[in-house]
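These numbers come from a predicted model, not from an experiment. For the numbers below, each heavy atom of this structure counts, side chains included, while hydrogens, waters and symmetry mates do not. In the text below, chain A, chain B and the rest are named by the order of the sequence lines, each starting its count at 1.
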Amino acid sequence: MRRTQAFIPTSKEAPSDAQLASHIFLSRAGFVTQSAAGLYNYLPLAKRVIKKIENIVNEEMTKVGAQEVELSFVTPADLWEESGRIEKFGKELLRFKDRKDTQFVLAPTNEEMMVDFVRNRITSYKNLPVNLYQIKTKFRDEARPRFGLMRGREFIMKDGYSFHSCSEDLDREFDVMEAAYKKILTRLGLDYRVVEADSGAIGGSESKELMVIADSGEDTIAVCSKCEYGANIEAATRSERKEIPEAPEAEFNKFLTPNIKSIDELAGFFKVDPYYTVKTVAKKVIYEDSEEIVLFFLRGSDNLQEVKAVNATEALDIVDANEEELQALGVIPGFIGPLDQDKAKHVIDSSLKNARNMICGANEQDYHFVGADLSVISEVAYFADIAEVNAGDSCPHCDGELNFTKGIEVGHIFKLGTTYSKALKAEFLDENGKAQPFIMGTYGMGISRLVASVIEQHHDENGCIWTKSTAPYMVNIMVSNIKDEEQIALGEKLYSELQEANVEVIFDDRKERFGFKMKDAELIGFPYTVIIGKELVNGNVQVYERSTTEKTAVSVENILGEIMELSNS
RNA sequence: CGGGGCGUAGCUCAGUCUGGUUAGAGUACCUGGUUUGGGACCAGGGGGUCGAAGGUUCGAGUCCUUUCGCCCCGACCA
């Protein structure tokens, strides 16, 4: 491509609302433009990058036997009613009617569609397993899209679905997909981590997320300092605390604690480690057709992990409870405790099972219990892991400690089981001629988010630094002085030679000065720029490497070979 | 959903509080010239229903009402 003919509108200034490096540089360098909140247009450079990523995904999927298909973007709403997800997905599902007044949704993911696609077409265990995927636009009407391509409402996602006749085969495929996803991210040149995850709105049992490590990531992940363990904070677990603070010694007693409501105040008042206090978090728990106040009890040293709380209560969502709701219930904020708790349904964190020497609310204005022994309710109360792990907690798998880091979720793989096949009555006949629901897995990867992730991980103050596998063009030929006929002639020659050799090359033949064109090349981030300029009098050109910002002189005779070598390495 | 901010040239913004010729700057763009190793300079030029609708006024970018759009913060520890 000749730069004079390319549609690459670069600019010095980013949109005022751009915050992230990827958003700023992808806008400035002429990759994307915004059309509305969370909606972006892809310019030619972005389209090239997307195709590169898609090709790598396709190659790796083909290697493991997954087959590419394409489902309609507009999907009948009744499939979503059939699975029950039309409620669960809520407003994120964009719904509309066609001219015949039939309800449709824009697909945010395609479990239902894919199950419908195979049901009654694959009917025998002999035709299993099968793994089908597509790479296509998805739409989720997010309450608050942000960060450019990172969290758009419309985005490109690879979504894959596998169908199995037994769970062992699903386990096998799950591992195959994990390995394939890792391969893809490695090929893209990304630093990532595979972590255990919550299954969220999709449903299912085991799931893992592929996280690109970046400070700007929206997810917090806990990673072990010693072993491979990593988990999204929503799902992270820990082993029992090893260094336990010295326990306060006190007989069971009710203590006057006027206006002592927070954990800080309580621990300070009794001069104990918050570990020995019981924290109460009151939430309103929302179910499909009802809601109620639930009290969550934790150690004072822990925080409630809301996703775990949602799972423990099997709720659709949980929101804060307000004072009035608590008063209506008859509980006394600040002095709520788990002992003799009969006012509200409650969940107790498993770290409190059989806990002794605890200080907790006495369910009475201005009173707390000291020396409480929770083993008395261990038989009757509902315990669950609802605590968020803290930095420094012990790894659940080894003796390392957990540290926090930020990640961008670019992939998520699930063992779905029969959730959808049962709901949609998608069955096959097994060896005994008996009808069984498909056992499913689902595997997502955010293609447009990967574009942004590459830049989040690879940029400097001057712009993008594309990895070789993602670069829109491998080489940029830059003629320093467009009036120098010798320079132009060499540029033209090299340009056609590289094209001939199938190197993706752009030829900056614009009538601009050296600095202008260099800044532009740095902003866009081509891996290599061949500078044809002042060194030419010595028979040399220079190769500028974007990732190191170093310029190396190469003789005119050797430049073609040098570039071929660099672009293939 | 709750709270806040902003809509003026392709882009980044000033002007709005305190209404008053023809609405500005930088940048980008076009023409000509100079320059040619880090977004250079000189001269000339094109580009605006001031988000939209309604109202107040002799007069509205500016004041009032409505509305649309975009962005940010929040959705936690009893």
Side-chain angles (χ1 to χ4, degrees), chain A residues 9-19 23-24 27-28 30 33-39 90-91 142-148 233 257 259-267 274 277-284 286 293 295-310 317-323 325-327 329 331-338 341 344 346 349 360-363 365 368 386-388 390 462-463 478-484 487 510-523 529 531-537 541-542 544 549 551:
Chain A
T10 57
S11 82
K12 272 193 210 178
E13 303 211 59
S16 54
D17 47 50
Q19 316 265 317
H23 191 188
I24 291 169
S27 300
R28 281 191 52 203
T33 64
Q34 184 174 15
S35 66
L39 303 178
K91 288 185 178 170
E142 298 234 18
R144 203 178 145 209
R146 60 192 121 169
F147 302 143
I233 187 112
T257 52
N259 277 322
I260 303 292
K261 294 183 174 184
S262 71
I263 292 299
D264 279 351
E265 289 164 349
L266 193 61
T277 65
V278 176
K279 176 184 287 185
T280 308
V281 183
K283 292 281 184 182
K284 184 157 71 180
I286 318 276
I293 302 295
L295 304 174
F296 295 94
F297 295 108
L298 305 123
R299 286 193 183 266
S301 50
D302 288 333
N303 293 314
L304 180 69
Q305 180 18 262
E306 288 203 14
V307 172
K308 289 183 178 180
V310 166
D317 193 14
I318 61 175
V319 297
D320 291 348
N322 61 40
E323 290 270 334
E325 288 165 330
L326 294 179
Q327 275 163 7
L329 206 61
V331 298
I332 305 149
F335 304 95
I336 304 171
Q341 181 54 251
H346 52 281
D349 185 59
C360 63
N363 296 314
Q365 184 72 41
H368 278 85
I386 52 171
E388 185 162 289
N390 300 302
N462 292 319
M478 194 259 268
V479 171
S480 176
N481 183 352
I482 205 72
K483 285 191 175 169
D484 185 323
Q487 290 184 15
R510 291 174 300 173
K511 185 177 176 296
E512 295 288 351
R513 293 157 64 92
F514 176 85
F516 184 92
K517 291 196 274 199
M518 273 307 284
K519 287 283 186 199
D520 220 41
E522 283 168 333
L523 177 60
T529 292
I531 303 168
I532 301 175
K534 63 182 184 184
E535 289 280 326
L536 193 54
V537 293
V541 297
Q542 286 164 302
Y544 169 79
T549 71
K551 294 173 193 153

* Report the base-pairing partner of U67(B) (Watson-Crick or G-U wobble, both distances below 3.5 angstrom), or none. => G51(B)

* Asked: Between Leu326(A) and Ala282(A), what is the shortest heavy-atom contact and its length?
  -> CD2-CB, 3.6 Å

* Please identify each residue that fulfils side-chain hydrogen bond (donor to acceptor under 3.5 Å, both in side chains) with Glu512(A), with sequence neighbours left out. => none

* Under a 3.5 Å cut-off for both distances, is A25(B) Watson-Crick or wobble paired, and to whom? -> U12(B)

Can you name the atoms? Protein N/O to nucleotides 68-70 of chain B N/O, anything below 3.5 Å, with the distance.
{"unit_1": "C70(B)", "atom_1": "OP1", "unit_2": "Ala37(A)", "atom_2": "N", "d": "2.9"}

* Member of Val541(A), Ile482(A), Ile532(A) meeting the side-chain contact (heavy atoms from CB on, under 4.5 Å) criterion with Gln487(A) -> Ile532(A)

* Asked: Atom CG of Asp520(A) to atom P of A28(B): distance rounded to whole Å?
  -> 12 Å

* Looking only at side-chain N and O atoms, does Ser11(A) come under 4.0 Å of OP1 or OP2 in G10(B)? -> no

* Asked: Looking at G38(B), does its base get a donor-acceptor pair with the side chain of Lys534(A) below 3.5 Å?
  -> no

* Lys284(A): salt bridge (Lys or Arg N to Asp or Glu O under 4.0 Å) partners, not counting sequence neighbours -> Glu291(A), Glu325(A)

* Asked: Starting at CD of Glu13(A) and ending at C1' of C13(B), how long is that distance when rounded to a whole Å?
  -> 8 Å

* To do: Write down the distance between CG (Leu304(A)) and P (C77(B)), rounded to a whole number of angstrom.
  => 10 Å

* Using salt bridge (Lys or Arg N to Asp or Glu O under 4.0 Å) as the criterion, list what pairs up with Lys283(A), not counting sequence neighbours. => Glu306(A), Asp320(A)

* Asked: Contact class for Arg510(A) vs. all strands (heavy atom < 4.0 Å): base, sugar-phosphate, or nothing?
  -> nothing

* To do: Taking atom types as modelled, find out whether Lys534(A) and Asn481(A) have a side-chain donor-acceptor pair closer than 3.5 angstrom.
  => no

Could you list all N or O pairs between the protein and nucleotides 33-36 of chain B that sit under 3.5 Å apart?
{"unit_1": "U35(B)", "atom_1": "O2", "unit_2": "Arg513(A)", "atom_2": "NH1", "d": "2.8"}
{"unit_1": "U36(B)", "atom_1": "O2'", "unit_2": "Asn481(A)", "atom_2": "ND2", "d": "3.2"}
{"unit_1": "U36(B)", "atom_1": "O4", "unit_2": "Lys483(A)", "atom_2": "NZ", "d": "3.2"}

* Asked: Can you tell me how far P of U12(B) sits from CD of Gln19(A), to the nearest Å?
  -> 13 Å

* Asked: Residues in side chain to side chain contact (heavy atoms under 4.5 Å, CB included) with Thr257(A), at least two apart?
  -> Phe255(A), Ile260(A), Phe269(A), Phe270(A), Phe335(A), His368(A)

* Identify whether any heavy atom of Gln542(A) sits under 4.0 Å from a base atom; if not, whether one sits that close to sugar-phosphate; answer base, sugar-phosphate or nothing. => base

